[in-house]
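Here's the structure, in C-alpha coordinates; my notes come after.
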Amino acid sequence: MTPSDIPQVLHRAYQQVTQRDPGTLDRDADIRALGVDSVQLLEMIVIAETELGLRVPDAALGGVETVGDLYDMLGEALPQTQGQGQGQVQVPVPVPVEARGAR
(Lines give C-alpha, C1' and ligand atoms only; values in the text may rest on other atoms or scores of the structure.)
Protein backbone atom coordinates (compact mmCIF):
# COMPACT_ATOMS: atom_id res chain seq x y z
CA MET A 1 0.00 0.00 0.00
CA THR A 2 1.04 3.57 -0.61
CA PRO A 3 0.15 6.95 0.91
CA SER A 4 -2.29 7.49 -1.96
CA ASP A 5 -4.37 4.57 -0.60
CA ILE A 6 -4.91 6.23 2.79
CA PRO A 7 -7.89 8.48 1.85
CA GLN A 8 -9.89 5.55 0.45
CA VAL A 9 -9.05 3.35 3.43
CA LEU A 10 -10.12 6.08 5.88
CA HIS A 11 -13.30 6.69 3.93
CA ARG A 12 -14.22 2.99 4.22
CA ALA A 13 -13.21 2.92 7.91
CA TYR A 14 -15.38 5.98 8.64
CA GLN A 15 -18.35 4.40 6.90
CA GLN A 16 -17.88 1.10 8.71
CA VAL A 17 -17.53 2.67 12.15
CA THR A 18 -20.21 5.39 11.92
CA GLN A 19 -22.59 3.83 9.38
CA ARG A 20 -22.56 7.23 7.57
CA ASP A 21 -21.08 8.39 4.28
CA PRO A 22 -18.65 11.22 5.00
CA GLY A 23 -18.55 12.51 1.44
CA THR A 24 -15.07 13.98 1.04
CA LEU A 25 -12.86 13.80 4.11
CA ASP A 26 -11.14 17.18 3.98
CA ARG A 27 -7.68 17.26 5.61
CA ASP A 28 -8.69 20.25 7.74
CA ALA A 29 -11.87 18.62 9.05
CA ASP A 30 -11.94 18.17 12.81
CA ILE A 31 -12.42 14.50 13.73
CA ARG A 32 -14.86 15.39 16.54
CA ALA A 33 -16.90 17.64 14.20
CA LEU A 34 -17.41 14.58 11.99
CA GLY A 35 -19.13 12.90 14.94
CA VAL A 36 -16.26 10.53 15.70
CA ASP A 37 -15.58 9.91 19.38
CA SER A 38 -12.32 8.53 20.79
CA VAL A 39 -13.46 4.89 20.67
CA GLN A 40 -14.62 5.23 17.07
CA LEU A 41 -11.33 6.89 16.17
CA LEU A 42 -9.44 3.91 17.58
CA GLU A 43 -11.71 1.57 15.62
CA MET A 44 -10.97 3.53 12.44
CA ILE A 45 -7.23 3.32 13.12
CA VAL A 46 -7.40 -0.45 13.69
CA ILE A 47 -9.30 -0.88 10.41
CA ALA A 48 -6.73 1.27 8.59
CA GLU A 49 -3.82 -0.63 10.19
CA THR A 50 -5.32 -3.91 9.02
CA GLU A 51 -6.05 -2.74 5.47
CA LEU A 52 -2.71 -0.95 5.05
CA GLY A 53 -0.66 -3.68 6.75
CA LEU A 54 0.99 -1.39 9.27
CA ARG A 55 1.15 -0.65 12.99
CA VAL A 56 0.78 2.85 14.39
CA PRO A 57 2.85 3.47 17.54
CA ASP A 58 0.62 4.09 20.58
CA ALA A 59 2.49 7.35 21.29
CA ALA A 60 1.24 8.77 17.97
CA LEU A 61 -2.44 8.26 18.76
CA GLY A 62 -2.87 11.22 21.11
CA GLY A 63 -2.06 13.90 18.54
CA VAL A 64 -4.90 13.20 16.11
CA GLU A 65 -7.35 16.10 15.93
CA THR A 66 -7.99 16.49 12.19
CA VAL A 67 -8.37 14.18 9.23
CA GLY A 68 -4.99 15.50 8.04
CA ASP A 69 -3.39 14.42 11.32
CA LEU A 70 -4.81 10.96 10.74
CA TYR A 71 -3.53 10.87 7.13
CA ASP A 72 -0.07 11.97 8.25
CA MET A 73 0.09 9.51 11.15
CA LEU A 74 -0.81 6.59 8.88
CA GLY A 75 1.56 7.80 6.16
CA GLU A 76 4.45 7.92 8.61
CA ALA A 77 3.66 4.39 9.77
CA LEU A 78 3.75 2.97 6.23
CA PRO A 79 6.87 0.91 5.57
CA GLN A 80 9.39 2.93 3.61
CA THR A 81 10.00 1.67 0.09
CA GLN A 82 13.60 1.22 -0.96
CA GLY A 83 15.18 4.48 -2.04
CA GLN A 84 12.67 6.68 -0.21
CA GLY A 85 12.55 8.31 3.17
CA GLN A 86 14.92 8.40 6.06
CA GLY A 87 15.91 5.32 7.96
CA GLN A 88 15.89 3.17 4.88
CA VAL A 89 17.36 -0.27 5.34
CA GLN A 90 20.13 -1.31 3.02
CA VAL A 91 19.86 -4.99 2.16
CA PRO A 92 23.11 -6.52 0.91
CA VAL A 93 22.87 -8.32 -2.41
CA PRO A 94 24.50 -11.76 -2.32
CA VAL A 95 27.45 -12.13 -4.68
CA PRO A 96 27.61 -15.45 -6.55
CA VAL A 97 30.51 -17.68 -5.54
CA GLU A 98 31.93 -17.55 -9.09
CA ALA A 99 32.19 -13.75 -8.92
CA ARG A 100 34.24 -13.90 -5.71
CA GLY A 101 36.97 -15.88 -7.33
CA ALA A 102 36.24 -19.20 -5.64
CA ARG A 103 37.80 -22.28 -7.19
Side-chain angles (χ1 to χ4, degrees):
M1 293 272 179
T2 66
S4 64
D5 297 314
I6 293 172
Q8 293 85 11
V9 169
L10 286 180
H11 192 273
R12 285 192 300 271
Y14 179 90
Q15 284 183 305
Q16 186 174 341
V17 169
T18 66
Q19 303 300 307
R20 294 187 305 265
D21 184 355
T24 302
L25 290 174
D26 182 51
R27 287 187 60 87
D28 295 327
D30 184 275
I31 294 289
R32 307 295 179 246
L34 292 172
V36 176
D37 64 30
S38 59
V39 173
Q40 290 172 317
L41 177 60
L42 288 175
E43 289 177 30
M44 287 176 59
I45 292 169
V46 168
I47 291 167
E49 285 178 327
T50 301
E51 285 197 36
L52 295 168
L54 55 85
R55 176 78 170 100
V56 174
D58 291 342
L61 300 176
V64 177
E65 294 181 10
T66 67
V67 171
D69 293 338
L70 192 50
Y71 286 170
D72 295 343
M73 179 187 67
L74 292 169
E76 289 171 12
L78 281 172
Q80 298 292 324
T81 57
Q82 192 164 5
Q84 292 180 346
Q86 296 179 357
Q88 89 184 37
V89 176
Q90 296 291 328
V91 179
V93 177
V95 178
V97 172
E98 301 82 39
R100 286 188 262 168
R103 295 170 215 218

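All values reported here derive from a predicted model rather than from experimental measurement.
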Pairs where residues 30-46 contributes a residue and the test salt bridge (Lys or Arg N to Asp or Glu O under 4.0 Å) is met, not counting sequence neighbours: none
Counterpart residues, side chain to side chain contact (heavy atoms under 4.5 Å, CB included), relative to D21 (two or more places apart): H11, Q15
Listed partners of T24 passing side chain to side chain donor-acceptor pair (under 3.5 Å), at least two apart: none
Sequence-distant partners of A48, side chain to side chain contact (heavy atoms under 4.5 Å, CB included), two or more places apart: V9, L10, L52, L74
Heavy-atom closest contact (P7 atom, P3 atom, distance): CD-O, 3.7 Å
Working for side chain to side chain contact (heavy atoms under 4.5 Å, CB included), residues M73 and V56: CA-CA 7 Å; M73 179 187 67; V56 174; 3.5 Å; yes
Nearest heavy-atom neighbours spanning L34 and Y14: O-OH, 2.8 Å
Salt bridge (charged side-chain N to carboxylate O under 4.0 Å, His left out) against R20, all qualifying residues, sequence neighbours excluded: none
In one Ile/Leu/Val/Met/Phe/Trp/Tyr side-chain cluster, 4.5 Å: V46, L78: no
Qualifying salt bridge (Lys or Arg N to Asp or Glu O under 4.0 Å) pairs, either residue in residues 52-70, two or more places apart: E49-R55, R55-D58
Close side-chain approach of L42 and L61, heavy atoms under 4.5 Å: yes
Matching residue for R27 among L70, T66, D72 - test: side chain to side chain contact (heavy atoms under 4.5 Å, CB included): D72
Distance in Å, M44 CE paired with T18 OG1, rounded so as to fall on 0.5 Å steps: 7.5 Å
